[in-house]
Structures are given as structure tokens and as C-alpha cells.
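One structure below.
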Amino acid sequence: MSWMIEMESLKDPVTVEQANRQTIINNLNEVYGSVEKLIQRTYANRQTDLNFQLRNVRASASQLLADIKSRDLDSFSGKKGTLEEFYSNEEELLKASSRIKDEFASSISSENIDTFMLEGLLDSFKKGFNERIVVDKDIQKEFKLRQMEKESAERVISGERPAKTSEEKQERKPSGIAMTGKLSEPMDTSRTTLGPSASSEKARDILTKKTSKEDIETDILSKLYNYMNGLEQKYSTHQPEVSFNGEYIGDRKWKFNISERSVSGTIMDGIVKPLLTFETYWHPFEDMRNIMEFIQKEANTVPSGQYRSVCILSSGWNTEILDWAQNYVHPRLMVYLYDLGTNEITFNASVNNSERLKVWHDQEEYVPLENMIETLVEQDDPFDASDVAEITGLSANGAQRFIVKMLSKNKIIDVGFGTSRYSGIRNK
């Protein structure tokens, strides 16, 4: 399973950076030692010009070493990147430093010393190091999220449960329903809109496991129907505009499916590929291991480049499961637990855009992005994409795409004269 292999290789980027930097310094120390031997050899052989050239090479190697040893690394700018890009870049840097070490060492026994080639190797490595991925707060945050995901997966495999405190041992008793873990069959398909996506088909397969309506008390059954009706109204009137990764998706095709005890909606990337899928269904869990295994199976079916937001309904969740949900992390799956008894929704609020996505699983009214940025549009000062991103949860690219849409609808105008600043039409 590729995802688990990826998790097994997860390492703290700060530790990786420090260890690799020391290895590179050690390799460059050997490079410097090799140049010293070459200088001594050419001096003994009275090769004046070559000796002078090698002294220049030594100066370059010495400066490179000094720069890399410097804590501030003022000579190296670095660049931003993802955690995966960081790991890949670090591996290439280690290989490059090893190749340089070997090349300089082999020059000691070579009859012809190519100082131009040696100087070029140092310059090339300096350029590569200059483009080293910086371990910034974004990479550290991504690592922590992936680490939490890894720990969650390991608990699923081992069956380990987090230790309970004395207060946690007194779990809340689920009310209003027999916790059978069974689901109902879908309602009449006359309520279906545009047909289910492939992922919602899978959810509905789960829902075909029948359970008697007597399993749910009348009060909870009424709340369940009201909840589903509310989601149907929301899905019919609006569509998601912000994706899991902050991309603007308000211009993509949106289709959804409503049944008696489930609702699913999908933003399509093109004709057949789901970009973001929302799934909400009645599936009361009582056992911690069962829900973890269930969610992990869901997570393992989400391909790269696609995202899924899953909300599971019950009439009460025990403390252990709620604590797990508040810490669950996966790069492509968001998990919500909704309590129909209290109308409370539990999720990991630290995950990017989790707050923005939960509106498609709860009873809150959806606020379109245009309404969210009204204060920006109506203010006297121009705004830019970063202002839009801060308010809406869109990424920089997503905010720019949304701005292009607003421009095309004549809702705003470009007043930046090439500096990407915008204002409401009324300020024209």
C-alpha cells in the first residue's frame, strides 16, 4: 500500500536538514583536502599556472564551506516548497555532494587536472544548494499533519486505543437509538438530482444494509429527516466554491444525490473526474476500532489530486471517538461527526479549510464568496488577491481565479495599473 510506505519514510524536516547539512559539510571538507593535495603536487612539479588555478579552486571551496557552515546562510536564498519537494531536494543534494567528493578525489591520481571542470562542479553545487527548500512554518505544519495521520493509521493497524482518563471512562450514553451500526436503504429515486457520482455510489452501497425504522426513536428520526431536508435545500440553492486545498471551484460542475438517510455531492473536474466529494450518512458507531478502520478504508480510496469530505451521523458519540475525530488528519480526506441529538459537529479545526467545508454537513446557512468579500468591494481602499484569500480561505491562485470571475461579471474593476489592485464598480 503506497500510502503506508510513504508514511513509514516520514521524517522530521528540521532533523533531516541538520543531518544532511553536516554530511554535506563533511563531503566538502574532503573536497577541500583533495584540492590541498593537488596544490602540493603541482607545486612540487613546478606547474606554476596549474598551481595558481588550483589555488582559485581552493578559494571557491573554502568560501562554499564557510557559507554552508554559517547559521544564517546569507549567501543562499533558498525557496519555498512542499514537504515532498523538500525530501526529494535533500536527497539530490546529498548525492551531488558525494559525487563532487568522489570527482575531486579521483583527480589526485589523474595525470590531467581539469581545473575548469572542478570549478564548474563547485559552482553547480552552490547553485543547487541556493535552491534548497527552506524548512519554513508551512513545511513544519505539513509535517505535523502528516505525522498525526501516520499515528492515526498506526493505531488502526495495531488496534491501540488512547489511554483514557478517569473522566473519559464515564462515556456519554448515546440517546434515542439502538446502536446497531446498520443503515437504511435509499429513498425513492425521484428525489435524486443529476444522479450519484462514483464515490456516492459506494456510500449508497453501504446504505443498502437495511435496518428497521423502529431502531430510531421518533424524535431522532424527525431530526434526521429535517437535517436531510435542510441539506437538500442548501445543495439545490448553492454549490461549494472553496476546495480542500483552497482552489476556487465555484465555476465547476456540481451534482448531488439525496436519499432518506444520506446525501452526497460532487464537484467535477471535467466530465468524469470527481475533484471534491461530500458524503453525509447515518452510520452510528460505538466501537473506536470500527470507526477508525472504516475511515481508513475510505481514505485509502481517495486518489491523488482528489478530495473527500465525510460526515457521519449519529444520535450520540462517545468521548473517545470524539477525541479521535478532533485529531484526525489525512491529506485528501476530512472527517466530521454530527450529533443529531445536540446538533453539534466535531472535526479537526486545525486542518486547512475544515471550517469552510463543514457548512456542507451542518445546518448553517451558506454564505457565497461574493457576500463574504462585500466589505472589501464597498471600502474606499483598493484590495488585492491576498485580502480575498484571507477572508475566504482560498489559496493565492484560488483567490486570483475568483477575482477573474468577479471581473468578468463586472462586479469589480482593476484599478492597479498593472499591480493587481481592485475596487468595487461604485468607486469607478
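Numbers here simply count residues along the sequence, with the first being 1.
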Show your working on side-chain hydrogen bond (donor to acceptor under 3.5 Å, both in side chains) between E232 and S236 and close with a plain yes or no. CA-CA 6 Å; E232 180 176 14; S236 301; 5.1 Å; no
Shortest non-hydrogen pair, A385 vs I403, comes out as CA-CD1, 3.6 Å
Closest contact, heavy atoms only, C311 versus Y338: SG-CB, 3.8 Å
Suppose we screen for side-chain hydrogen bond (donor to acceptor under 3.5 Å, both in side chains). Which residues come up paired with S354, at least two apart in sequence or across chains? none
Which distance, rounded to the nearest 0.5 Å, do you find between the CH2 of W317 and the CD1 of I345? 11.0 Å
By the definition salt bridge (charged side-chain N to carboxylate O under 4.0 Å, His left out), identify the one residue from D414, D381, D384 that meets it with R421. D384
On a heavy-atom basis, which atom in R21 and which in K69 lie closest, and how many Å separate them? NH2-O, 3.1 Å
Under a 4.0 Å threshold between the charged nitrogen and the carboxylate oxygen, would D339 count as salt-bridged to K223? no
S88: partners by side-chain hydrogen bond (donor to acceptor under 3.5 Å, both in side chains), with sequence neighbours left out: none
Steps toward salt bridge (Lys or Arg N to Asp or Glu O under 4.0 Å) verdict (K234, D362): CA-CA 10 Å; K234 187 184 300 184; D362 64 20; 3.7 Å; yes
Verdict with supporting geometry, K411 and E370, side-chain contact (heavy atoms from CB on, under 4.5 Å): CA-CA 9 Å; K411 296 294 183 71; E370 287 189 20; 2.7 Å; yes
Relative to each other, are the rings of Y328 and W324 parallel, tilted or perpendicular (30° and 60° limits)? tilted
Quick one: ring pair (Phe, Tyr, Trp, His ring centres under 6.0 Å) partners of F244, sequence neighbours excluded? Y307
Could you tell me whether the side chain of N327 and the main chain of D323 form a donor-acceptor pair under 3.5 Å? yes
Hey, what do you get for OG1 (T280) to OH (Y227), rounding to the nearest 0.5 Å? 4.5 Å
To the nearest 0.5 angstrom, please state how far the CD1 atom of I249 sits from the CD1 atom of I267. 4.5 Å
Show your working on side-chain contact (heavy atoms from CB on, under 4.5 Å) between Y32 and S62 and close with a plain yes or no. CA-CA 7 Å; Y32 187 88; S62 177; 3.8 Å; yes
Pairing residues for T23 by the side chain to side chain contact (heavy atoms under 4.5 Å, CB included) criterion, not counting sequence neighbours: N27, L94
Strictly by modelled atom types, are E390 and S386 linked by a side-chain donor-acceptor pair under 3.5 Å? no
Mind jotting down which residue pairs meet the side-chain hydrogen bond (donor to acceptor under 3.5 Å, both in side chains) criterion with at least one end in residues 99-121? Sequence neighbours excluded, please. Q53-T115, S60-E119
What is the ring orientation for Y248 with F402, classed by angle as parallel under 30°, tilted 30 to 60°, or perpendicular over 60°? tilted
Checking N348 now: which residues fulfil side chain to side chain contact (heavy atoms under 4.5 Å, CB included) with it, not counting sequence neighbours? M148, V329, M334, S350, V351
Could you walk me through whether L118 and L38 pass the side-chain contact (heavy atoms from CB on, under 4.5 Å) check? CA-CA 12 Å; L118 296 178; L38 290 172; 4.3 Å; yes
Report yes or no: do K11 and Y87 form a side-chain donor-acceptor pair below 3.5 Å? no
Exam field: side chain N300 to backbone Q296, donor-acceptor pair closer than 3.5 Å: yes
Determine whether a donor-acceptor pair (N or O, by modelled atom type, separation under 3.5 Å) exists between the side chain of S34 and the backbone of E30. yes
Between F129 and I24, is there a side-chain heavy-atom distance shorter than 4.5 Å? yes
Where at least one partner belongs to residues 238-251, residue pairs that pass salt bridge (charged side-chain N to carboxylate O under 4.0 Å, His left out), sequence neighbours excluded: E247-R252, E247-R401, D251-R401
Hits for side chain to side chain contact (heavy atoms under 4.5 Å, CB included) against N89, two or more places apart or cross-chain, chain-then-number order -> L93, R132, I133
Which heavy atom of E364 sits nearest a heavy atom of V359, and at what distance? O-CG2, 3.7 Å
T346 versus I321: any side-chain heavy-atom pair under 4.5 Å? no
So, for F347 and K358, which heavy atoms are closest and what is the spacing to 0.1 Å? CE2-CD, 3.3 Å
Could you tell me whether the side chain of S243 and the main chain of G246 form a donor-acceptor pair under 3.5 Å? no
I'd like to check the side-chain hydrogen bond (donor to acceptor under 3.5 Å, both in side chains) partners of S309; sequence neighbours left out, ordered by chain and number. H361
Could you tell me how the ring of Y281 sits relative to the ring of F294: parallel (under 30°), tilted (30 to 60°) or perpendicular (over 60°)? perpendicular
Does R308 reach the main-chain N or O of F278 with its side chain, forming a donor-acceptor pair under 3.5 Å? no
Hey, could you give me the CG/OH distance between N371 and Y366, rounded to the nearest 0.5 Å? 9.5 Å
Partner set under side-chain hydrogen bond (donor to acceptor under 3.5 Å, both in side chains) for E142, not counting sequence neighbours: none
Can you run down the salt bridge (charged side-chain N to carboxylate O under 4.0 Å, His left out) pairs that involve residues 31-42, sequence neighbours left out, and say none if there aren't any? E36-R58
Main chain of G393, side chain of N353: is a donor-acceptor contact present, judged purely on distance under 3.5 Å? yes
Can any side-chain N or O of N318 pair as donor or acceptor with the backbone N or O of E286 at less than 3.5 Å? yes
Looking at A61 and L122, what are the two nearest heavy atoms and their distance? N-CD1, 3.8 Å
Identify, with sequence neighbours excluded, every residue that meets side chain to side chain contact (heavy atoms under 4.5 Å, CB included) alongside D138. K80, D136
Checking side-chain contact (heavy atoms from CB on, under 4.5 Å) for the pair Y422/D387: CA distance, chi angles, key distance, verdict? CA-CA 10 Å; Y422 309 94; D387 297 320; over 6 Å; no
Test side-chain hydrogen bond (donor to acceptor under 3.5 Å, both in side chains) on D67 and Q63; report intermediate values, then the result. CA-CA 6 Å; D67 288 338; Q63 184 61 53; 3.0 Å; yes
In this structure, NZ of K144 is separated from NZ of K137 (nearest 0.5 Å) by 12.0 Å
Residue pair W360, Y235: steps toward the ring pair (Phe, Tyr, Trp, His ring centres under 6.0 Å) verdict: CA-CA 8 Å; W360 301 102; Y235 283 33; 5.7 Å; yes
Any salt bridge between E293 and R289, counting N to O under 4.0 Å? yes
Could you give the distance from CE (M268) to CG (L276), rounded to the nearest 0.5 Å? 11.5 Å
